[in-house]
Amino acid sequence: MATVVQIENLRKEFGKVCALDGVSFEIQEGEWIAIMGPSGSGKTTLINILGGLDTPTSGRTIVDGVDVGRLDEAGLTRFRAEKIGFVFQQFHLVSYLTALENVMLAQYFHSTTDEREAQQALERVGLGDRLEHLPTQLSGGEQQRVAVARALINHPKLILADEPTGNLDEANEKIVLDLLRELHTEGRTILMVTHAPSIGSLADRRIDFSHGHLVPQLAPVGSQRR
Ligand code: ADP
Ligand code: MG
């Protein structure tokens, strides 16, 4: 099985704060990983570095064979567009673009736009009747489903989801988690940050963080719920 993510001795300092303190792990193709840990333990910092949104102080990050630390700005832009699908807690949709246009914008950054494909992606997340809606005209759950469609549109090698259900009610949480489960079944590789043990247990494997360190795993968790 192919290794999609390889992290070696990753360290990130923000002034005196050490957000990541020598983190190493690997993720294999098709794995669904839950990153867990208290607030401030370095989870978002890790996701940002993996996705090429931030740079580490030291250490190495390899995603799908690409050494992310060696990319220049243009290379990082391409890397993000081609390899990564982001789903953030705060959705981060462009407020003056419709649902359809938000998805097409991701296509545009990748290569060319294809309205039919963007429409199909929105249909897939159950929003076929919301194509022309602006983010403000959508509920939180619907906005997050647009973000999931946007994350998938370029067939990324890795889906990075940082507390994807953190701002959702229970019904929408279930819809988004069902989508992630479906993607996992299709063989996608997913790295998901969550606070909730019940959500973490959906994943194949849990990686626990504490103060920028990995907490050693005592017993395998997960898979029994799937
Ligand atoms: P988590 O996502 O687990 O809640 P973060 O990765 O956001 O944690 O933050 C880890 C630590 O790094 C925290 O102590 C936070 O205050 C600090 N930190 C994160 N981003 C910055 C930044 N841009 N500047 C300064 N400190 C930061
Ligand atoms: Mg965070």
Side-chain angles (χ1 to χ4, degrees), residues 4-27 31-63 68-69 71-73 76-77 79-80 83-93 140-141 143-148 150-151 156 158-170 172-173 176-177 179-180 183 189-218 221-222:
V4 175
V5 171
Q6 201 177 338
I7 285 180
E8 292 169 11
N9 208 12
L10 206 60
R11 204 179 155 77
K12 177 66 176 181
E13 291 160 8
F14 294 107
K16 283 187 184 143
V17 176
C18 187
L20 295 175
D21 188 8
V23 170
S24 305
F25 63 85
E26 288 188 359
I27 299 174
E31 273 196 297
W32 182 2
I33 307 286
I35 302 268
M36 310 210 43
S39 184
S41 57
K43 305 182 298 296
T44 294
T45 303
L46 174 79
I47 292 280
N48 287 345
I49 292 173
L50 259 175
L53 294 170
D54 201 354
T55 52
T57 305
S58 62
R60 228 154 63 111
T61 313
I62 295 170
V63 177
V68 183
L71 299 174
D72 58 13
E73 272 308 315
L76 282 171
T77 303
F79 166 78
R80 285 190 295 263
K83 305 254 190 220
I84 307 289
F86 289 102
V87 182
F88 300 98
Q89 183 175 356
Q90 317 286 354
F91 321 141
H92 290 309
L93 300 178
Q143 288 183 59
Q144 193 61 307
R145 280 143 71 190
V146 174
V148 171
R150 177 185 59 185
L158 179 64
I159 296 167
L160 295 176
D162 194 352
E163 311 216 26
T165 62
N167 281 336
L168 303 183
D169 59 29
E170 219 171 299
N172 280 299
E173 174 182 294
V176 168
L177 289 175
L179 271 169
L180 288 176
L183 296 172
T189 310
I190 304 170
L191 188 61
M192 165 187 79
V193 169
T194 179
H195 269 108
S198 61
I199 297 176
S201 66
L202 298 171
D204 296 327
R205 185 152 65 93
R206 234 173 92 161
I207 296 177
D208 285 279
F209 265 71
S210 171
H211 301 290
H213 290 282
L214 298 194
V215 179
Q217 289 283 301
L218 300 175
V221 189

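These numbers come from the heavy atoms of this one structure, side chains and all, not from hydrogens, waters or symmetry mates. Each ligand, and each atom within it, is numbered from 1 in the order the structure gives.
With hydrogens and angles disregarded, no donor-acceptor distance shorter than 3.5 Å links the side chain of Arg60 to the backbone of Gly69. Under a 3.5 Å cut-off, the side chain of Thr61 and the backbone N or O of Ile7 do not form any donor-acceptor pair. Counting only distance, with no hydrogens or angles, the side chain of Asn48 and the backbone of Asp54 share no donor-acceptor pair below 3.5 Å. Remark: the backbone N or O of Phe88 is not paired with any side-chain donor or acceptor of Glu163 at under 3.5 angstrom.
Scanning all protein heavy atoms for the shortest distance to atom 3 (O) of ligand 1 gives Lys43 NZ, 2.8 Å. Among protein heavy atoms, atom 23 (N) of ligand 1 sits closest to Phe14 CE2, 3.5 Å. Closest to atom 12 (O) of ligand 1 among all protein heavy atoms lies Ala19 CB, 3.4 Å.
Atoms of ligand 1 found under 4.0 Å from any heavy atom of Ser39, numbered from 1 in the order shown, are 4 (O).
Both the sub-6.0 Å distance and the 45° axial angle are satisfied by Lys12 relative to the ring of Phe14.
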Yes or no on side chain to side chain contact (heavy atoms under 4.5 Å, CB included) for Leu214 and Asp208, after CA distance, side-chain angles and deciding distance?
CA-CA 6 Å; Leu214 298 194; Asp208 285 279; over 6 Å; no

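Taking each of Cys18, Ser41, Ser210, Gly40 in turn, the one with a heavy atom nearest to atom 11 (C) of ligand 1 proves to be Gly40. Selection from Val193, Asn48, Thr44, Ile47 by nearest heavy atom to atom 2 (O) of ligand 1 gives Thr44.
Using a 4.0 Å cut-off between heavy atoms, Thr45 contacts ligand 1 through both its backbone and its side chain.
Residue-to-ligand polar distances keep Val17 apart from ligand 1: every N/O pair is separated by 3.5 Å or more. At least one N or O atom of Gly42, backbone or side chain, sits closer than 3.5 Å to an N or O atom of ligand 1.
More than 12 heavy atoms of other residues, nucleotides or ligands sit less than 6.0 Å from atom NE2 of His92.
The Mg ion (ligand 2) has an N, O or S atom of Thr44 under 2.8 Å away, backbone or side chain.
The closest approach between Pro38 and ligand 1 falls below 4.0 Å for a heavy atom of the residue.
Lys43 has no carboxylate O lying under 4.0 Å from a charged side-chain N of Asp162, or vice versa, which leaves the two without a salt bridge.
In this structure, atom 16 (O) of ligand 1 has no protein heavy-atom contact shorter than 4.0 Å.
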